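Owing to the predicted nature of the structure, the values given are computational and were not obtained by experimental measurement. Basis for what follows: all heavy atoms, side chains included, without hydrogens, waters or symmetry-related copies.
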Amino acid sequence: MNRYLSDGPLPGKGKRNDFQWRHALAASFMATMLALPSSALADSPEQSISSTVEKLCPVLAGINNSGGLTLAERDVFFRCGEVKIQEGQTFDDLTDEQLNALNNMTSTQNSAINTATVEIARPQATAITGRLAALRGGGIGGLATNFDQKESEPIYYAGPVTSLSAGEGGTTMGADFDRFGIFLNLSGATGNKDDTTNEAGFDFSAAGIIAGADYRLTPGFFLGLAVGYNQLTSDIDDDGGDVDVSGYGVSVYGTYYIENFYLNGIATYGRKDYEIQRNVNYSVARNPNDPAIGTSPTATVDQEFDGDTEADEYGFTVGAGYDLFMGGFTVGPYARLSYFRTDIDGYDEKLKGDNTDDGFGLALSIDDEEIESVSSTIGALASYAIGSPVGVWSPYVKLDWQHEYQDDGTELKAGFVNGGTDPSAVAQNSIIIPLDDTDRDFFNLGVGVSATFPRGFSAFVDYATVLALDDLTVHQLVGGLRIEL
């Protein structure tokens, strides 16, 4: 994935490098595992925000002396002074409490935002890829063949097996159900991102629904349209906050096959809404310039900031494969090339509630963000068709290797909302956050079973996960119903 779902101590802790800006690498499996690039800057997140503080704090001090700061801007000035490097010292001389404060001044939510961006996109493309396999008559639940093995070649048609073999030569029904088809899928996913030097950990869960319809234009050519809606919630470790995402996607898809060979294509547009909560919790020796030092020598920050934004996304996938039939077995090698892009709008955080307690001015302004991925997938699917009095059951397994090509470093930029409006302050109010390196190679594993029944009905259950990712774990379960009309 790439900057992982567009992202020291965790809040209230005293260790270094735990609570930071991050982009979690978005590892996807199945048809839509998308890797999103991230930059690998030399500085740590603490060093990045410290660099901003060192430049901004002296400017705010001068403006404060002339009485030109608002209450919220004065709060930023006081908080910056508490983590500023003292004369004759270096960054390495900062205390654990100061490092914790620096980390809390940045955001961990963007990693979860990027993870959500990919996780919501994945079920729709996964469902459509499975649907295309069924349409061409191979792989997941779509093999139409004679199960008494009297003929050496499968019988192709665009629908599930509607009756088992009958008679000496074997018969496969389905001609009455081969033009128009509809499907409905439900999906759920869970996962977690581990802490890294640059990124904080989080847990997430997602659920979605996808419906679609397709039509056979020629014996080997289908076009279809699918619409999906998904929701995802992620919780940042150690009460760092959370991100809630809801979004829809519209996909146009098609498949063209000649006997055993096929070509697939999927184009998707999506729109997402993000609701973000960032908790800022730390304690540090109070700024000597803060009038409150007389009654409280320790600044205790316990604030919550909310944000919301939107994103547009675009995705294209083209693929090809070849199905080999051996009795009841189907083995199908395949390859895909995918492009994914999402444009996340910038946003300003807002203080939750109405207070002027320590840290009330530490809201952040997050710049626009672009996430882009180009990846290839090579793998194979194997299934076995088992006839029964009620229908045909096809257990299957699929495994593929995905490689990410897009390695352009992108920088996540931010600043303090209350960093001052004076041009000299604006010029110094820029935070550039380092992100984890991209996982370039990983594997997608899926297992499941599909069933085809009389009168054009079929169903499936599919489990998928990702292998060989350094810090991200994903589990997805998809179930669906289809009917050919």
Side-chain angles (χ1 to χ4, degrees), residues 1-7 22-40 109-129 206 208 210 225-230 232 243 245-254 264-274 276 309-319 336-347 366-377 402-413 433 435-442 444 466 472 474:
M1 329 191 166
N2 263 335
R3 315 176 295 172
Y4 227 6
L5 294 137
S6 198
D7 164 72
R22 53 217 184 45
H23 265 255
L25 298 178
S28 15
F29 40 68
M30 315 314 302
T32 57
M33 189 81 145
L34 299 174
L36 310 174
S38 64
S39 64
Q109 276 63 24
N110 279 74
S111 179
I113 285 177
N114 295 337
T115 301
T117 296
V118 175
E119 286 307 313
I120 282 189
R122 175 183 304 144
Q124 181 143 333
T126 301
I128 294 173
T129 300
I210 302 166
L225 179 70
V227 178
Y229 178 80
N230 288 265
L232 182 145
V243 176
V245 187
S246 60
Y248 68 86
V250 179
S251 298
V252 176
Y253 61 91
N264 289 338
I266 306 171
T268 299
Y269 167 77
R271 182 75 173 173
K272 294 184 177 65
D273 295 314
Y274 302 82
I276 304 134
T309 186
E310 299 176 331
D312 292 297
E313 69 179 21
Y314 312 87
F316 305 94
T317 297
V318 293
R336 290 189 298 269
L337 182 65
S338 299
Y339 172 81
F340 176 84
R341 171 178 168 173
T342 185
D343 297 314
I344 304 175
D345 296 338
Y347 65 94
I366 310 299
D367 281 8
D368 294 345
E369 184 179 7
E370 178 184 297
I371 301 173
E372 193 170 40
S373 169
V374 178
S375 64
S376 62
T377 303
Q402 184 161 339
H403 177 74
E404 172 62 33
Y405 296 94
Q406 183 75 328
D407 60 356
D408 294 339
T410 57
E411 297 174 345
L412 187 59
K413 298 180 181 179
I433 307 301
L435 308 172
D436 276 349
D437 292 334
T438 300
D439 280 350
R440 305 303 298 273
D441 296 281
F442 39 86
N444 312 309
V466 182
L472 185 68
V474 182

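Residues Phe340 and Thr342 are in side-chain contact: their nearest non-hydrogen atoms beyond the backbone lie under 4.5 Å apart. Between Asn264 and Ile266, the closest side-chain pair of non-hydrogen atoms is not below 4.5 Å.
For the atom pair CD of Glu404 and CZ of Phe442, the computed distance is 6.5 Å after rounding to the nearest 0.5 Å. Here the straight-line distance linking atom CD1 of Ile366 with atom NZ of Lys413 works out to 13.0 Å at 0.5 Å rounding. To the nearest 0.5 Å, atom OG of residue Ser373 and atom OH of residue Tyr405 are 11.0 Å apart. Here the CD1 atom belonging to Ile344 is positioned 12.0 Å from the CD atom belonging to Glu310, to the nearest 0.5 angstrom. Taking CG of Leu232 as the start and OG of Ser246 as the end, the distance is 10.5 Å to the nearest 0.5 Å.
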Derivation and outcome, side-chain contact (heavy atoms from CB on, under 4.5 Å), residues Asp312 and Tyr269: CA-CA 7 Å; Asp312 292 297; Tyr269 167 77; 2.5 Å; yes
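When the salt bridge (Lys or Arg N to Asp or Glu O under 4.0 Å) test is applied to Asp345, no partner is found at least two apart in sequence or on another chain. Legend: residues meeting side-chain hydrogen bond (donor to acceptor under 3.5 Å, both in side chains) with Asp367, ordered by chain and number and at least two apart, are absent. Remark: Asp343 pairs with Arg341 by the side-chain hydrogen bond (donor to acceptor under 3.5 Å, both in side chains) rule, at least two apart or across chains.
Closest heavy-atom contact between Tyr274 and Ala311: CE1-CB, 3.6 Å.
Between the Asn230 side chain and the Gly247 main chain, no donor and acceptor come within less than 3.5 Å of each other.
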